[in-house]
Structures are given as structure tokens and as C-alpha cells.
Enquirer: 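Pasting in a structure now, in C-alpha cells, and then I'll have a few things to ask.
Just so you know, ligand 1 is whichever comes first in the structure, and atom 1 is the first atom listed for that ligand.
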Amino acid sequence: MKRSELVVVANRLPVDHVGEGDGPDAWRRSPGGLVTALEQVMAGRDAAWVGWPGKADLMMEPFEFDGNTLVPVRLSSDNLEQYYEGFSNGTIWPLYHDVIAAPIYRRSWWDAYVRVNRRFAETAATVAAEGAFVWVQDYQLQLVPKMLRELRPDLTIGYFHHIPFPAYGLFAQLPWRSEVIEGLLGADVLGFQRPADAGNFQRSVRRLFKYPTKANRIDVPDGEGGTRRVLAAPFPISIDAEAFVELAERPDIIARAAEIREQLGNPRKILLGVDRLDYTKGIRHRLKAFGEMLVDGTAEVGDVTLVQIASPSRPGVEAYQDLRDEIELTVGRINGDYDTMHHTAIRYLHQGFPRDEMVALYLAADVMLITALRDGMNLVAKEYVAVRTDQRGVLVLSEFAGAADELGSALLINPHDIGGMKAAIKKAIDMTPAEQGRRMRSMRRKVLHNDVERWGQGFMAAVDEIRAAKGAN
Ligand code: GDG
């Protein structure tokens, strides 16, 4: 097999199967943020991407796509149920998001997680060239760094954690906590979203292993009497801000934004929520606040409309099925009580949309509601800010989303405080254009400057530094 200097390992390949057969023509680049983020790092390099192709039991040879080698990892439907829906999304996801839903600890899921992580590590080991850099992505693959180091000590290994890393008091619940920390410590550079996440990880390392940590550096025993230095630091992820600005300036998208307002019956203010349908996003809390505003008259149907896009997510996980039922019941009740023949209180769409339409929605929205109970970063917040080249619009942003670290000029809220959230939404609805402009300008400076290219460069600079230090030893 052809071997590459840079290998990305992620749960999913960056493509979706759209055509007939399994040839390269049948694939299209997936729209996700991770793909865009890494595209820039991979461009112009001899790079490979190891991941699951998105269909159970699909056995495929590596293939070339857009100048990179894609290396499919086969997963059976049993693997998907136990490793992906089970351990990744039924255990780790709720545990790492502060136990908003109850994590399920099941030994058979853990066993499957170990097996599948090993398969990813073995595949990456066959693809990486001598001394290559391998960049592992996210919580589904926390054991890969250690497994890969054992197979290929010549490699430099990075890992980026897209979701929060919890406080030790919660993390300690995990029956396999030591194995997970050991797995991650196989990397040379560990990236987290917020300083708090990197701090939580370091505390877990100290509590469980007593390894010394100082200024984001951890000295891990190398098994030969010496130590190996691991960097565990924040690298807040971002968006391709320029690409969003270009979309926001396209006349057809601007016209579409006006059309959306028209189609909603020309309300004075449009509020918008865009989330994967996930219990971490605080959609229920948002609906509660908005519903109460209709009851107490701080918002009126026709004057204000809430558009809620909830893109379908993880339909195989029970907690997501329950959440969907609950949200749809609430939306139905509110609309039943308040809709008129001309206007709706909440326009709810359980659908995914093309990016153009998303940008038109952002442009149409006077107020963007991000009420996550816990969120690694939240790229929607950054996208909304990037497209507002008119310096208008108000971002209501949960302090529990990583984006709050950079976007302090948003109206920051605690989504558990329904009264506080209602007051912030009211303030957003009433905000003067001058104040909107002042806040938006300050946030846009941050997002345009700290874009995804900078994120990639920052991480790679840390990797280069570690590599240079290794070379010097
Ligand atoms: C995880 C972490 C972290 C959503 N619906 C549609 C659509 N989207 C796009 C958004 C945005 C992305 O998906 C969602 O990213 P978020 O960051 O908001 O949230 P997660 O999916 O939970 O992502 C998160 C992220 O990883 C990156 O590290 O920020 O904290 O949980 O780009 O625009 N895009 C299109 N149609 C949709 O219907 N085209």
C-alpha cells in the first residue's frame, strides 16, 4: 500500500456515498465542519484519511479522492451498535457533556470500543510512512494514540478532542477511566477546545497516575526509565470564515434571506436556532423560555417568530428518540395555543439544509439563539457572526459553549436560568442598531482573525515543536 506523510484518523471518512457502486465517482465530499477544517491542513500534502465509509459491512480498498488517499475501515452493524451508538454516543458523549443524560456503562460496549479502536490503529499503522505525522480525531478514538504508538514508535501522533473534557468528579465514574487516559497519553500533542478542558484532562492525569504536569506539559514514563513529553493544550477550533463571508455577499443568498422573512409573514423579529437534534444543545430550555414569553406577552405571534432547525442526529440512540418526541410535543403545544391563520409561533424543521440555505437563514435572523447546556465549541455561533457583514443581529450565547470564551460581546446566558434567558431574549429583540453594531464588530474581528486556518497552523506548530525536540534527543 502507498504510505503517506500525513494521516488523519477519524470515525468517518470525509465523503458520503451518493452514486451507484463503490467507485470513486460514487462519493461526494461531506459538508461537515471537520472536513473543511482538515481540508486546509491536508491540501497540497501527501495525505491519507482513515475512517468508516458510512455504510455497515462495506468492504473497500483504499481509493483516491481530491488528491488524497481515503482508507476505509470496515464496521459491521454489531460494531456500529456497540462501539458507535453504544460506547461513543451512549457512554462517552453524555458523560463528557456533564451527565445531561445518564451515561450507560456496559462492558460489552467497552469491549467493542477497544476492538474497533484497535482496527483503526492497525489500519493507520499500515498507511503511515516512516516518521509520519498521524492526527487522530475525537472521542470515538481515544485509545488509538497508545495503540498506534505501540505498533509504530517512529510516528509523531496528535489527537484533537472536539467535545468537552469533564471535571474529574464526573470522569471518575467511568469504569475504564485509567485505560482512556493511558490511551490519550499515547499522543505527543493533545488538543482541546477550552483551557478548562485541557485543565480537566491534566487533573485526571495527576489524580490517576500522579505524573507531573506543568504549563500544559506532562512527563509520561517512557517504559525505559526516562520520560516522554506530552503537550495537552487548548486549540479552539473555528470555521472557514472567508468562505462564509463570500456566501453572505452573494446576491441570490441575500435575496433568499428577504424571501424567508416574506414567507414567514414579515414578522418584525426572527429568532433562529440551528442545532443537531441533541440534548446537549438546550433546545427544550429555549422552547420553554420562548413559550413563557408568549404566555406573559413579552413576545407576540406575528411580531416575533422562532425558526428552529433541528437536523436529524443519531436516530439509533434511545435518548435521541425520546428527545425528539419531547421537543415535537412541546412545539405542537405552543403552536396549537398561539398560531394564527397567518402566523406561526415556531417554524420547526426536522431537516438538514444545504449550506446556502443556512447562510440565508443566518442573514434573515435578527436574533440567534445558542442555548447549549454544554458544547465543545459550537461552530454555529461563529458562522452566524461571520456572515453578518452588515454588522447587525444579536447573538444570545450560552456560557457553557466553548465559543463563549472568544465571543464575550454576545449576550451571554446560563440556559438553566429560564428567567435570565427570557430577559436576554427580550434585550436582544429590543437592542438598538448601534449596540448591535458595536457588539457584532467586536465578535467579527475575533472570528475572522481566529479562523480554521489559524487553528490548523497552531496545532501543526505545536507538533513541529515536539518533533524538533524529539529529533534533538
Ligand atoms: C462537534 C461538537 C464542536 C448543522 N445543521 C446543518 C448544518 N449544520 C452544521 C453547522 C455547523 C455544524 O454542522 C455543527 O457544528 P457545531 O459545532 O455547532 O456542533 P456539533 O455537530 O455538535 O460538533 C462542537 C464541533 O464538533 C467542532 O469541533 O464545535 O462543540 O459538539 O457547521 O452549520 N449544515 C448544513 N445543513 C444543516 O442542516 N449544511
Enquirer: Quick one: look at Arg374 and ligand 1, take heavy-atom pairs under 4.0 Å, and tell me if it's side chain, backbone, both or neither.
Expert: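 For Arg374, no heavy atom sits under 4.0 Å from ligand 1.
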Enquirer: Evaluate Met358 for polar contact with ligand 1, using N/O atom pairs at a separation under 3.5 Å.
Expert: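 No: no nitrogen or oxygen of Met358 is under 3.5 Å from one in ligand 1.
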Enquirer: Report the residues that fulfil salt bridge (charged side-chain N to carboxylate O under 4.0 Å, His left out) with Lys426, sequence neighbours left out, ordered by chain and then residue number.
Expert: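 Applying salt bridge (charged side-chain N to carboxylate O under 4.0 Å, His left out) to Lys426 gives Asp430.
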Enquirer: Distance under 4.0 Å to a non-hydrogen atom of Gln193: what atoms of ligand 1 satisfy this?
Expert: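 Contacts of ligand 1 toward Gln193, numbered from 1: 3 (C), 28 (O).
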Enquirer: I'd like to know whether Arg261 forms a salt bridge (charged side-chain N to carboxylate O under 4.0 Å, His left out) with Asp366, so could you lay out the CA-CA distance, the side-chain angles of the two residues, the decisive distance to 0.1 Å, and finally the verdict.
Expert: CA-CA 10 Å; Arg261 183 174 288 275; Asp366 302 289; 2.8 Å; yes
Enquirer: Could you list which atoms of ligand 1 come closer than 4.0 Å to a heavy atom of Gly376?
Expert: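 Numbered from 1, ligand 1 contributes 30 (O).
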Enquirer: Check Ile237 against ligand 1 and report side chain, backbone, both or neither, counting heavy atoms closer than 4.0 Å.
Expert: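 Only the side chain of Ile237 comes within reach of ligand 1.
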Enquirer: Using a 4.0 Å heavy-atom threshold (strictly under), name the region of Arg276 that reaches ligand 1: side chain, backbone, both or neither.
Expert: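 Contact part for Arg276 vs ligand 1: side chain (C-beta onward).
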Enquirer: Do Leu379 and ligand 1 have an N or O pair less than 3.5 Å apart?
Expert: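 N/O-N/O distance under 3.5 Å: yes.
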Enquirer: Spell out, as yes or no, whether a donor-acceptor pair under 3.5 Å connects the side chain of Arg12 to the backbone of Pro53.
Expert: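 Yes, because the side chain of Arg12 sits within donor-acceptor range (under 3.5 Å) of the backbone of Pro53.
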Enquirer: Are any of the N/O atoms in Val274 less than 3.5 Å from those in ligand 1?
Expert: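 N/O-N/O distance under 3.5 Å: no.
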Enquirer: Output all residues satisfying salt bridge (charged side-chain N to carboxylate O under 4.0 Å, His left out) with Arg207, sequence neighbours left out; order by chain, then residue number.
Expert: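 None.
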Enquirer: Is Ser311 in polar range of ligand 1, meaning some N or O pair under 3.5 Å apart?
Expert: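 Ser311 vs ligand 1: N/O contact under 3.5 Å present.
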Enquirer: For ligand 1, which atoms sit closer than 4.0 Å to a heavy atom of Trp93?
Expert: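 Answer for ligand 1: 31 (O).
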Enquirer: If we only consider heavy atoms of Tyr139, is any one of them less than 4.0 Å away from an atom in ligand 1?
Expert: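 For ligand 1, residue contact (heavy atoms, under 4.0 Å) with Tyr139 is absent.
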Enquirer: Check whether Asp339 reaches the backbone of Ala345 with its side chain - one donor and one acceptor, N or O, closer than 3.5 Å.
Expert: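 Flag set: sc Asp339 to bb Ala345 pair under 3.5 Å.
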Enquirer: So if I count the atoms of ligand 1 from 1 in the order they appear, which ones are less than 4.0 Å from some heavy atom of Tyr362?
Expert: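 Close to Tyr362: 33 (O).
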Enquirer: Would you confirm whether Arg388, through its side chain, and Tyr384, through its main-chain N or O, come within 3.5 Å as a donor-acceptor pair?
Expert: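 No; zero donor-acceptor contacts below 3.5 Å.
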